[in-house]
Amino acid sequence: MAIKTRGLSKDGGREMTVEEFKRWLRKFDSDRDGKISREELQDAVCFTGGWFSTCKHRRAVNDADADGNGFIDDVEMNNLVEFAQRTLGVKIVTF
């Protein structure tokens, strides 16, 4: 699996901290502008080998992109974290 996680949760889902998720996603910020574009999110999707579909990556941007500018910035990143938990089976843990 392309995403390094703390492991699998009891129900078999992915498990990571918010910071681990954000750090992984920032690896795809190819222009280093601090925002994740639709294209960069699609690259992340492809890198995972189909972790979630193209349809879901579009929904992820639409859900997370609060200001509608087509980018997910640091403030909106928590929206993407919530989407991953709700829709993708990622368990975000806190310590």
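Here the structure is a predicted model, which means the values were calculated and not measured.
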query = Under 3.5 Å, is there a donor-acceptor pair between the side chain of E82 and the main chain of N79?
reply = no
query = Any sub-3.5 Å donor-acceptor pair from D65's side-chain atoms to I72's backbone N or O?
reply = no
task = Check whether any side-chain N or O of D73 sits under 3.5 Å from a backbone N or O of M77 as a donor-acceptor pair, and report yes or no.
result = no
query = Who pairs with N78 by side chain to side chain contact (heavy atoms under 4.5 Å, CB included), at least two apart in sequence or on another chain?
reply = V18, K22
task = May I ask you to decide if the ring planes of F21 and W24 are parallel, tilted or perpendicular, using 30° and 60° as cut-offs?
result = tilted
key: Short side-chain to backbone donor-acceptor contact, E40 and S30, under 3.5 Å   = yes
note = Nearest heavy-atom approach of R26 to E19 is NH1-OE1, 4.3 Å
key: V81 and E76, any side-chain heavy atoms less than 4.5 Å apart   = no
message = In this structure, would I36 and F71 fall into the same cluster of hydrophobic residues linked by side-chain contacts under 4.5 Å?
response = no
ask   = Between K35 and D74, is any pair of side-chain heavy atoms under 4.5 Å apart?
value = no
